[in-house]
Amino acid sequence: MSKYLQVFNVGIQNTLAYRLNFFFRAAFNLIPLAATIFLWRTIYAGKAEGSSIAGYELAQMISYYLTVSIVDTLTAVNEDDWQIVAEIRDGQISQFLLKPMNYLSYRLVLFGAGRFVYLLTAVIPLGGFIFLYRDSFQLPTEAITYLWFAVSLVLTALLQFFVSYTMALLAFWILEIDTLIFMLFAIEYVAGGHLFPLDLLPTGLTALLIYTPFPYLLYFPASIFLGRTTATLLTTGLLIQAFWVLIAFLIAQWVWKQGIKKYEAVGG
Amino acid sequence: MENHSPNTPGMIQKLITSTKRYASIYSALWQNSVMRDMQFKVNFLLWIVVEFLWFSLQLIFVAVIYSHTDHIATWSKWEVVLLTGASQFIQQLFHAIFLNNIVALSEHVRTGRLDFMLLLPINSRFLISLRTVDLGSFVGALAGLFVMGYACIQLDLKPGPLQIIGFLGLSLSGIMIHYSLMFLLACISFLSVKAQGIVWGYYNLFNIARLPDSAFQGPFRMLFTFAIPMLLVSNVPVKLLANKLESPTEIGSLLFMAFACLVVSELGWNWTMKRYTSASS
């Protein structure tokens, strides 16, 4: 256990060096967020007072985007996959074959350290932004919602990590891995609920999407927080999410084993 | 060129030779880029697919929004599709000609390669800005034009030749705005090599350029019109095409802001060059 504490510590030290970068990233992310909120305001302004779109009133729509930004800050992978790709390409990964440490756990701890530092730098810009919109931002009414939100958040972070980790490991075989990562990211951007709440899609499509991993990468915890997923929907949702986390973990382990067999330590 | 001093013919002569020289240098840079791209054909094709996905995603966004409303301020569905296409066209051309070069600048500082580039007997800003061409992005620009054409049919628009020429001219001004602003941001990365995030942050601004201007009011609209003119870049060319211009001053603002951004970025570049003392060696 203590060796992983060391890794966490090193991870924090390393990412702290990029705090300025993180800060700018968090601050710049607010621009499209603000633009989206303005856009929705204008759309609602063109409708009758108190209208709702797919069950969202204006305040709920604004809350959705704010919540999604919080979930994204806490769970998104942003440098880890590129670092793994680089470690495979440069042959640095060789050293992990000798260390008494599992590469997946090592990376997971670094991911945690990275999120921690990112949260510290993003809390001022994002927190300030949410404060500006405090009148529209709707908090859960029941305390238990926070608990389920937290559980789902952890599962989302794990799913995000395992998916990115597996994608990055494909660098053992594929040279053009960057493009594949961007393709997956594009699909996730829509199917994960980044662009708009998935409830806005035609009903049949939403019902289908709920069985794919994508909503569990972002949309699902946000929908719990907003009180839109309760009772049986909540239980089944969490079970499906846990199922995908498990599947993603197993695939990640399997791909790692295959990758190591293939690995030739070029330049290592 | 208004000045008819005895030197004028000599100056014109000089201008012509220097234009010819730069044209031949630029064509050599093009050849280089084509050769490089053709060495990595799969990569080249995959990047086109990536850009295509992101563009479809924007169109999905428009489709989903308009399945719940029939207008955003004064903009109808197909007008916004036209705007999305035009924004793609402008952004991808900027991508093709400038983007990668500007992103590479901080890397040139870090590796010391910039010093070598500054020593070459050629305008440094020219070389830094235009060194490589990204051919795949031209395909993305074509996809944008294609979507625009389809939107024009849906809107029953038949733009005349003057409108089309005007659209292209204004798009060029839009590209100059993207270029100048991003170049200015890259100059900031001279201050700290770790500030690369600033350059990537510019990606977020692209998101605004494809939204209809009248969806915004107050300080946000002022900021993104007269300080960071994202709401002019593709809105004004499209409004010319779709007969939506409220007054000719909109064209004037785009042209003026393009010029202003270019001047400011040149000042920023000169200022950084004066302070630059090489990162490596």
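A note on names: the letters A, B, ... follow the listed sequences, proteins ahead of strands, and every chain is numbered from 1. No experiment lies behind these values; they were computed from the predicted model shown.
Heavy-atom neighbours of chain A within the stretch residues 41-51 of chain B, taken at a separation under 4.5 angstrom, comprise B:V42, B:N43, B:L46, B:W47, B:V49, B:V50.
Contacts between A:F23 and chain B at a heavy-atom distance below 4.5 Å are absent for every atom of the residue. Using a 4.5 Å cut-off between heavy atoms, A:Y189 touches chain B through its side chain atoms alone. With a threshold of 4.5 angstrom between heavy atoms, B:F52 does not approach chain A through any atom at all. Using a 4.5 Å cut-off between heavy atoms, B:F220 touches chain A through its side chain atoms alone. Looking at B:L57, both its backbone and its side chain come within 4.5 Å of chain A, counting heavy atoms on both sides.
A 6.0 Å sphere centred on CZ of A:F137 holds more than 12 heavy atoms belonging to other residues, nucleotides or ligands.
Put simply, of A:I31, A:L180, A:V190, A:D178, the one with the most heavy-atom pairs under 4.5 Å next to chain B is A:I31. Per-residue heavy-atom pair counts under 4.5 Å with chain A were compared for B:I72, B:N207, B:I60, B:L205, and the maximum is reached by B:I72.
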Q) Where do A:L200 and B:F61 land on the side chain to side chain contact (heavy atoms under 4.5 Å, CB included) test, with the steps shown first? A) CA-CA 10 Å; A:L200 262 59; B:F61 184 58; over 6 Å; no
(Q) For A:L30 and B:N204: C-alpha separation, side-chain torsions, deciding distance, then whether side chain to side chain contact (heavy atoms under 4.5 Å, CB included) applies. (A) CA-CA 9 Å; A:L30 297 179; B:N204 289 317; over 6 Å; no
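Across B:W54 and A:F185, no two heavy atoms sit closer than the pair CZ2-CD2, 3.4 Å.
In this structure, A:S51 OG and B:H68 NE2 are separated by 13.0 Å, a value rounded to the nearest 0.5 Å. Atom CZ of A:F38 and atom CZ of B:R221 lie 12.0 Å apart (nearest 0.5 Å).
Taking the side chain as every heavy atom from C-beta outward, A:I53 and B:T69 never approach each other to under 4.5 Å. Within the 4.5 Å cutoff, the side chain of B:F216 has no heavy atoms near those of the A:T42 side chain. Between A:I43 and B:Y66, the closest side-chain pair of non-hydrogen atoms is not below 4.5 Å.
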